[in-house]
Amino acid sequence: MAIKISSNKLSQATVLKHIMKRCSSLARKQQQQHCEDVPKGHFVVYVGQERSRYIIPISFLSHLEFQKLLHQAEEEFGFDHEMGLTIPCEQVVFESFLSCFR
């Protein structure tokens with residue numbers, strides 16, 4: 001389900017709430033499966049062809065650039081599949097991206 005901004009232009013807060021809701025429901029599914037090592041306030045994403053696993057703070061959801069990555073992930077993979085939340089970019093690019101937020 002892609003988030004589309006209609007002519008009434010959803011506020012950024014509304015879009016962010018939708019993303020957080022989708023990610024939190026995904027995080028619950030992941031925790032039930034195999035993510036006991038994920039600390040509270042974090043979620044797991046998989047990146048690159050190798051599907052490298054990263055534990056990301058939920059606070060990253062407030063960054064516009066991270067939201068753009070999530071939109072790309074939703075368009076390419078959707079949020080409802082068995083592989084977990086997969087980010088469509090190369091691992092090196094993602095690590096560089098993360099370094100900007102730390």
Next on the checklist: Pair Ile56, Leu61 - check side-chain contact (heavy atoms from CB on, under 4.5 Å), show working.
Outcome noted: CA-CA 9 Å; Ile56 306 296; Leu61 293 172; over 6 Å; no

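Judged by distance alone, the side chains of Gln91 and Tyr46 never bring a donor and an acceptor atom under 3.5 Å apart.
Taking all atoms of both residues into account, the shortest heavy-atom contact from Ile55 to Val38 is CG2-CG1, 4.2 Å. The shortest non-hydrogen separation linking Asp37 to Arg53 is OD1-NH2, 2.9 Å.
Ile58 and Ile87 fall within a single hydrophobic cluster, where Ile, Leu, Val, Met, Phe, Trp and Tyr side chains are chained together by heavy-atom contacts under 4.5 Å.
Side-chain N or O atoms of His42 include one that pairs as donor or acceptor with a backbone N or O of Lys40 at under 3.5 Å. Between the side chain of Gln72 and the backbone N or O of Pro88, no donor-acceptor pair lies under 3.5 Å.
The aromatic rings of Phe94 and Phe66 sit tilted, their planes meeting at an angle between 30° and 60°.
A distance of 10.0 Å separates CG of Leu69 from CG of Leu85, quoted to the nearest 0.5 Å. From Gln49, atom CD reaches atom OG1 of Thr86 across 12.5 Å, with rounding to the nearest 0.5 Å. Taking CG from Leu98 and NE2 from His63, the interatomic distance works out to 10.0 Å, rounded to the nearest 0.5 Å. Rounding to the nearest 0.5 angstrom, the gap separating the OG atom in Ser52 from the CD atom in Glu90 is 10.0 Å.
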